[in-house]
Number of protein chains: 2
Amino acid sequence: MGSITYKHVHRHLLAIDCIIFGFDGEDLKGLFVKRKLEPQKGNWSLMGGFVSGIESVDAAAERVLYELTGLGNIYMEQLHCYGALDRDIEARVVSIAYFALINIADYSKELLEEHHATWVSLKKLPDLIFDHRQMVEDAKEKLREKVATHPVGFALLPPKFTLKQLQALYEAIYEMPLDKRNFSRKIFSMNILQKLEEKEKASSRKGSFYFIFDEAQYKLLEKEGLKFI
Amino acid sequence: MGSITYKHVHRHLLAIDCIIFGFDGEDLKGLFVKRKLEPQKGNWSLMGGFVSGIESVDAAAERVLYELTGLGNIYMEQLHCYGALDRDIEARVVSIAYFALINIADYSKELLEEHHATWVSLKKLPDLIFDHRQMVEDAKEKLREKVATHPVGFALLPPKFTLKQLQALYEAIYEMPLDKRNFSRKIFSMNILQKLEEKEKASSRKGSFYFIFDEAQYKLLEKEGLKFI
DNA sequence: ACAAAAGTGTTGTCTGTACACCCATGC
DNA sequence: GCATGGGTGTACAGACAACACTTTTGT
C-alpha cells in the first residue's frame with residue numbers, strides 16, 4: 001500500500017456517533033437529540049459529528065462527546081464501524097460509533113437544554129434515525145459483555161454509592177433481577193470496593209454504607225480476570 | 001447531521017486491512033505479504049486495499065479477501081477501526097481491520113506465489129509495518145474470545161476432522177495444552193459434531209474417527225449459548 | 001507380541017444459585 | 001414498639017480440573 005499513489009482513491013465522509021449511557025438509579029438511559037426538522041422529524045438521533053483531517057478518530061469521538069456534555073476524561077470505547085452504502089439518507093457517510101459511560105448527575109439541565117438533548121430509557125428503544133437503533137442495540141450488548149468482566153460500570157455511578165445502587169445498575173444493564181445476597185458476596189469477594197464510614201440515610205432508617213471503587217486494588221487483580229456476572 | 005451541507009467536511013482515505021487466519025495442524029498462522037521495497041523493506045504487511053465509493057465497508061473487506069485468496073463465502077468479522085493520525089507513513093489513512101478464518105488447504109501454492117504471500121506462524125509475531133502488529137494482536141485476542149463461545153473455529157479446519165485436530169486447533173489458539181479427556185467430553189456434550197463412519201488412518205494404526213460440524217444442530221442450540229473453553 | 005495413538009470414567013473441588021431471618025434506626 | 005430497608009449464612013447442584021488405564025491394529 002505504501003508505494004502506490006493515493007490520487008485516484010475515493011475519499012469518504014467519516015462520521016462519529018456516540019451512544020452516551022447514563023443511569024438514574026432505576027433505568028439505563030441514553031442521551032439523544034430530538035430532530036426538529038424533516039426528514040425524520042420527531043425521531044431521536046445519536047449525537048454525532050465528523051472526523052476532521054487533523055485529529056485521530058478517537059480524538060474526534062472525544063471531541064463530539066465534549067461538545068455535547070462538556071465532559072472530558074470519560075470512559076469511552078469504540079463500538080463498531082458502520083459502513084453500509086445507504087445508511088445515511090443525505091450522502092454516503094461511514095460512521096464509527098463509540099459508547100461512553102457517564103455519571104448522569106454530572107450532566108446539567110442547562111447542557112440538556114442548550115443542546116436540545118434528552119435522556120431516554122433504553123428498556124424499549126424509541127424510533128431512531130438511520131441505523132442508530134442498531135448502534136444502540138449493539139452498544140447495549142457490548143456494555144453487557146464489558147461490565148460482566150471489567151469494572152467499568154462504576155463510571156455510571158456517583159463516586160460513592162451504596163451496594164444497592166450498584167446492584168440496581170447491574171439489574172438495569174441485564175434487565176433481570178439479581179439476588180442481593182449472592183450479589184454482595186460476589187462483589188465483596190473481589191476486594192475492589194472500599195467501604196466508607198459514611199452512610200446514605202435518605203432511603204432507609206438504618207442507613208446503608210457508601211462504597212468507592214478501589215482502583216489501585218483493581219490494578220493488582222486485573223491480570224487474574226474478574227467475573228461480575 | 002442530516003440537514004447540514006457536507007461541502008466543507010474533510011474526506012478521508014479509508015483502507016481495509018485483513019488478518020487472515022489459517023491452521024496447519026500445529027500452529028495458528030497468518031497470511032502476510034513481504035515488502036520488497038523501502039520503506040519497511042523486508043517487513044511483513046497485512047493484505048489491504050481501499051474502500052471505494054460504490055461499495056459498503058463490509059463489501060470492500062470481502063473484495064480485498066477475494067482478491068488475495070480467490071475465496072468467497074468466508075467467515076469474516078470486523079475487528080476495529082484504526083484511526084491514529086500518523087498510523088500510515090505516506091498519508092492520513094483510516095483503516096478498518098477485519099479478520100477472516102480460512103481452511104489453509106483451500107489456499108493454493110499458486111495463489112501464494114502470485115500474490116507474494118506467505119503463511120507465518122503467530123506464536124511470536126514478526127515485525128510488521130505501521131500498526132499491523134497491534135491489529136494482529138487484537139485479532140488474536142478477539143479470536144480467542146470468539147471461539148470460546150461460538151463454533152467458528154471449524155472454519156479453520158477441513159470439513160471433516162478428527163477430535164485430535166480440533167483439540168490441536170484450540171491449543172494453538174489459546175497457546176496452552178488441554179486435557180484430551182476433558183476436551184472430548186465437553187465437545188461431545190454440546191451435540192454439535194456428527195461422527196462419520198470413516199477413519200483417519202495416516203497418523204495411527206488404530207485410526208481415529210472423522211467428525212463434521214453439525215450446523216443444523218448448532219442452530220437449535222444457539223440461543224442457549226455454548227462454552228468451548 | 002509390541003509399539004503407538006485412540007478412546008474412555010471417577011473423584012474432589014469450586015462456583016453458582018436458591019432461599020429467609022435478624023438488625024439497626026427513626027418515628 | 002413497630003415499620004422499613006440493610007445486612008448476612010447455609011445447603012444443594014452443576015461445572016470444572018486432575019488424573020491413568022484399556023483398546024485397537026499394523027508390523
Side-chain angles (χ1 to χ4, degrees), chain A residues 25-26 144-145 147-149 157-158 160-212 221 224-229, chain B residues 25-26 144-145 147-151 157-158 160-212 221 224-229:
Chain A
E26 208 153 307
R144 285 194 186 110
E145 289 167 13
V147 298
T149 50
L157 294 173
K160 56 186 185 186
F161 48 85
T162 65
L163 204 54
K164 183 166 195 171
Q165 286 176 293
L166 184 61
Q167 182 178 336
L169 170 65
Y170 274 83
E171 289 177 326
I173 292 175
Y174 287 98
E175 292 175 11
M176 60 158 78
L178 299 172
D179 181 274
K180 74 171 171 173
R181 284 161 294 189
N182 294 336
F183 183 78
S184 66
R185 189 182 316 119
K186 192 155 202 175
I187 297 290
F188 288 145
S189 72
M190 293 181 193
N191 287 318
I192 54 167
L193 292 190
Q194 225 181 89
K195 191 178 197 163
L196 303 184
E197 298 294 311
E198 195 185 352
K199 280 187 165 187
E200 193 270 347
K201 306 281 287 178
S203 57
S204 78
R205 316 226 153 145
K206 189 176 177 180
S208 51
F209 284 104
Y210 278 121
F211 295 86
I212 56 173
L221 304 169
E224 301 165 35
L226 297 177
K227 275 189 71 179
F228 288 80
I229 293 289
Chain B
E26 208 153 306
R144 287 195 185 111
E145 289 167 13
V147 298
T149 50
H150 295 84
L157 294 173
K160 58 185 184 189
F161 48 86
T162 65
L163 204 54
K164 182 167 195 171
Q165 287 177 291
L166 185 60
Q167 182 179 336
L169 171 64
Y170 273 83
E171 290 177 327
I173 292 175
Y174 286 97
E175 292 174 12
M176 60 158 77
L178 298 171
D179 181 273
K180 73 171 171 175
R181 286 161 291 187
N182 294 336
F183 183 78
S184 66
R185 190 182 315 116
K186 193 155 201 173
I187 296 291
F188 287 146
S189 72
M190 292 181 193
N191 287 316
I192 54 168
L193 292 191
Q194 226 182 88
K195 192 178 197 162
L196 302 183
E197 298 294 312
E198 195 185 353
K199 278 187 168 188
E200 192 271 346
K201 305 281 285 177
S203 56
S204 77
R205 314 229 150 131
K206 189 177 176 179
S208 51
F209 283 104
Y210 278 121
F211 294 86
I212 56 173
L221 304 170
E224 300 164 35
L226 298 177
K227 276 189 70 178
F228 288 79
I229 294 286

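What's counted below: heavy atoms across the whole structure, side chains too, no hydrogens, waters or symmetry copies. To find a chain, count down the sequence lines: A is the first, B the second, and so on, and within it residues start at 1. Here the structure is a predicted model, which means the values were calculated and not measured.
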Practice task
Evaluate the ring planes of B:Y170 and B:F228, with Trp represented by its six-membered ring, and classify them as parallel (under 30°), tilted (30 to 60°) or perpendicular (over 60°).
Solution key: parallel
Exercise for the section: Counting heavy atoms from C-beta on, name the nucleotide in D:dG6, D:dC16, D:dG26 closest to the side chain of A:S204. Expected result: D:dG6
Problem - Interatomic distance, A:F183 CZ vs D:dG5 P [rounded to whole Å] - result: 20 Å
Problem - Distance in angstrom units between B:F209 CZ and C:dA5 P, rounded - result: 18 Å
Problem - Integer-rounded Å distance: C:dT17 C1' and A:R185 CZ - result: 9 Å
Exercise for the section: Looking only at non-hydrogen atoms, find the nearest pair between B:Q167 and B:D179 and report the distance. Expected result: NE2-C, 4.1 Å
Practice task
Could you tell me the separation between the NZ atom of A:K164 and the P atom of D:dG5, rounded to a whole number of Å?
Solution key: 7 Å
Problem - Cationic tip of B:K199 above B:F209 ring, under 6.0 Å, 45° of axis - result: yes
Problem - Atom-pair distance (CG on A:N182; P on D:dA13), nearest Å - result: 16 Å
Exercise for the section: Just call it for B:K201: base, sugar-phosphate, or nothing, with non-hydrogen atoms closer than 4.0 Å on any strand. Expected result: sugar-phosphate
Fill in the blank from the handout: Which of D:dG7, D:dG5, C:dA6 is nearest the side chain of B:K180? It is C:dA6
Exercise for the section: Please check if atom CD in A:E26 has more than 12 non-hydrogen atoms from other residues, nucleotides or ligands closer than 6.0 Å. Expected result: no
Fill in the blank from the handout: Atom NZ of A:K186 and atom C1' of C:dG16 are separated, to the nearest Å, by 7 Å
Problem - Shortest side-chain distance from A:K206, nucleotide among C:dA5, C:dC23, C:dC19 - result: C:dC23
Fill in the blank from the handout: Taken to the nearest whole Å, CD/B:E200 to P/D:dT24 is 19 Å
Problem - A:R205 side-chain proximity, nearest of D:dG5, C:dT25, D:dC16 - result: C:dT25
Practice task
Using whole Å, report how far CG of A:D179 lies from P of D:dT8.
Solution key: 14 Å
Practice task
Flag the pair B:L166 / B:L193 as yes when at least one side-chain heavy-atom distance between them is below 4.5 Å, and no otherwise.
Solution key: yes
Practice task
For B:T162, report the nucleic acid contact type (base, sugar-phosphate, nothing); a contact means any heavy atom under 4.0 Å.
Solution key: nothing
